[in-house]
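Input: a single structure, listed below in structure tokens.
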2 protein chains.
Amino acid sequence: MLLENQVCFDVHAASRALDGVYRKELRELGLTYPQYLAMMVLWERQPVTVKELGVALRLDSGTLSPLLKRLEAAGLVRRERSAADERSVLVRLTSEGAGLRRRALEVPGRIFEATGLDLAEVIELQGTLRRLTAALDEASR
Amino acid sequence: MLLENQVCFDVHAASRALDGVYRKELRELGLTYPQYLAMMVLWERQPVTVKELGVALRLDSGTLSPLLKRLEAAGLVRRERSAADERSVLVRLTSEGAGLRRRALEVPGRIFEATGLDLAEVIELQGTLRRLTAALDEASR
DNA sequence: ACCAATTTAGTTGTGCACAATCAAGTTGCC
DNA sequence: GGCAACTTGATTGTGCACAACTAAATTGGT
């Protein structure tokens with residue numbers, strides 16, 4: 001049961017290492033990695049409800065609520081109750097939030113470079129991780 | 001720059017999914033996943049300094065100090081200043097902590113099962129992740 | 001022998017993550 | 001129409017993670 005033999009540790013370590021690189025790349029944008037993920041969803045489509053964001057990012061409201069409040073405090077998004085369904089909160093970009101996209105476009109390329117992987121490896125890795133995540137989600141239910 | 005295309009998100013998601021499975025498996029042992037990692041190091045060798053634990057787990061003292069305090073509060077480890085070097089803190093298992101190992105031995109097998117991967121895939125994945133982590137550590141420096 | 005630089009833990013502050021719980025609103029069933 | 005079940009977000013509490021800083025002890029150069 002040696003630590004060295006457990007792939008779980010490697011997943012965990014890789015995740016934190018990624019976080020470190022993003023921290024560096026996103027510092028000038030004033031975003032953390034999870035905030036950047038949320039912004040990516042919003043750059044693709046808006047408005048979205050907190051629920052939809054949670055599905056896209058696999059995060060619950062206990063994580064998203066304070067995160068979105070910080071984005072709102074930073075002036076990047078606005079939140080308002082849906083008129084159609086008062087239970088829902090719609091999240092929209094401010095013009096400042098929308099404008100941040102241009103600067104963010106360069107990030108994925110720089111991250112890809114930092115991974116040191118080639119495209120085939122990335123695709124292979126991605127496939128394995130997705131199957132892994134699906135199996136794990138099933139198992140923790 | 002679609003979220004769906006970014007392998008980073010998959011690493012992040014897999015890491016959290018793993019955490020979920022460990023949370024379930026470790027609940028009866030009263031350990032969290034990072035605590036379990038620390039215990040694994042201690043089951044292999046002891047005493048270890050906080051520094052050595054940090055190197056093994058890639059964690060800094062800001063994470064380890066409170067974690068070890070919780071393990072001490074749970075009665076699983078003892079901490080004491082090294083006589084040889086007063087800067088160092090030696091962490092040892094209590095007999096209760098050592099005894100926990102027997103019950104923990106079953107965990108890796110159950111986790112492996114939950115991953116749904118075969119051995120070849122695990123080894124492949126592990127190799128890729130280690131190269132990835134090394135490259136990322138280099139890049140965030 | 002002395003002092004500066006380094007090493008080692010700890011503390012504080014910020015933010016992510018999830019479980020458990022609550023409140024408010026909606027929907028469906030009778 | 002009225003009520004139970006469900007949906008949606010927010011809140012609280014616990015724990016992980018790291019940056020920045022502090023404190024104490026050791027080491028090395030002169």
**Report entry** Contact pattern, 5' to 3', of nucleotides 18-28 of chain C - B, S or - by protein heavy atom under 4.0 Å
**Finding:** BB-----BS--
Query raised in the report: Can you tell me how far C1' of D:dA10 sits from CD of A:E72, to the nearest Å?
Result: 14 Å
Requested in this report: List in chain and number order the residues that pass salt bridge (Lys or Arg N to Asp or Glu O under 4.0 Å) with B:E72, two or more places apart in sequence or in another chain; answer none if no residue qualifies.
Outcome: B:R79
Query - Residue mapping more 5' on DNA chain D - nearest nucleotide basis, B:Y33 or A:K51 - result: A:K51
Requested in this report: Give the rounded distance in Å between these two atoms: CG of A:L90 and C1' of D:dG9.
Outcome: 12 Å
Query raised in the report: Would you say D:dT11 has OP1 or OP2 under 4.0 Å from some side-chain N or O of A:K69?
Result: yes
Query raised in the report: Sequence neighbours excluded, which residues qualify as side-chain contact (heavy atoms from CB on, under 4.5 Å) partners of B:D137?
Result: A:A17, B:R58, B:T133, B:R141
Report task. Would you kindly give the CG-to-C1' distance between A:L68 and D:dT11, to the nearest whole Å? Result -> 15 Å
Report task. Output the single nucleotide from D:dT8, D:dA10, C:dA9 whose closest atom is nearest the side chain of A:R79. Result -> D:dA10
Requested in this report: Applying side-chain contact (heavy atoms from CB on, under 4.5 Å), name anything that partners B:E86, two or more places apart in sequence or on another chain.
Outcome: B:R81
Query - Rounded distance in Å - CD (A:Q35) to P (C:dG15) - result: 7 Å
Report summary line: note: A:H12, atom NE2; C:dA17, atom P; distance rounded to Å ~ 11 Å
Report summary line: Here the distance between atom C1' of C:dG10 and atom CG of B:L67, to the nearest Å, is 14 Å
Query raised in the report: Within a radius of less than 6.0 Å around CD of A:E80, do more than 12 heavy atoms belonging to other residues, nucleotides or ligands occur?
Result: yes
Report summary line: Sorted by chain and number, sequence neighbours left out, side-chain contact (heavy atoms from CB on, under 4.5 Å) with A:D85 holds for A:S82, A:R87, A:S88
Query raised in the report: Quick one: B:E52 CD to C:dA9 C1', roughly how many Å, whole number?
Result: 14 Å
Query raised in the report: Considering residues, nucleotides and ligands other than A:R103, do more than 12 of their heavy atoms fall under 6.0 Å from its CZ?
Result: yes
Requested in this report: Check the distance between D:dT14's P and B:L31's CG and give it to me in whole angstrom.
Outcome: 18 Å
Query raised in the report: Within less than 4.0 Å of OP1 or OP2 of D:dG9, is there a side-chain N or O belonging to A:T49?
Result: yes
Requested in this report: Please name all residues satisfying side-chain contact (heavy atoms from CB on, under 4.5 Å) with A:E52, sequence neighbours left out, ordered by chain then number.
Outcome: A:R45, A:V48, A:T49
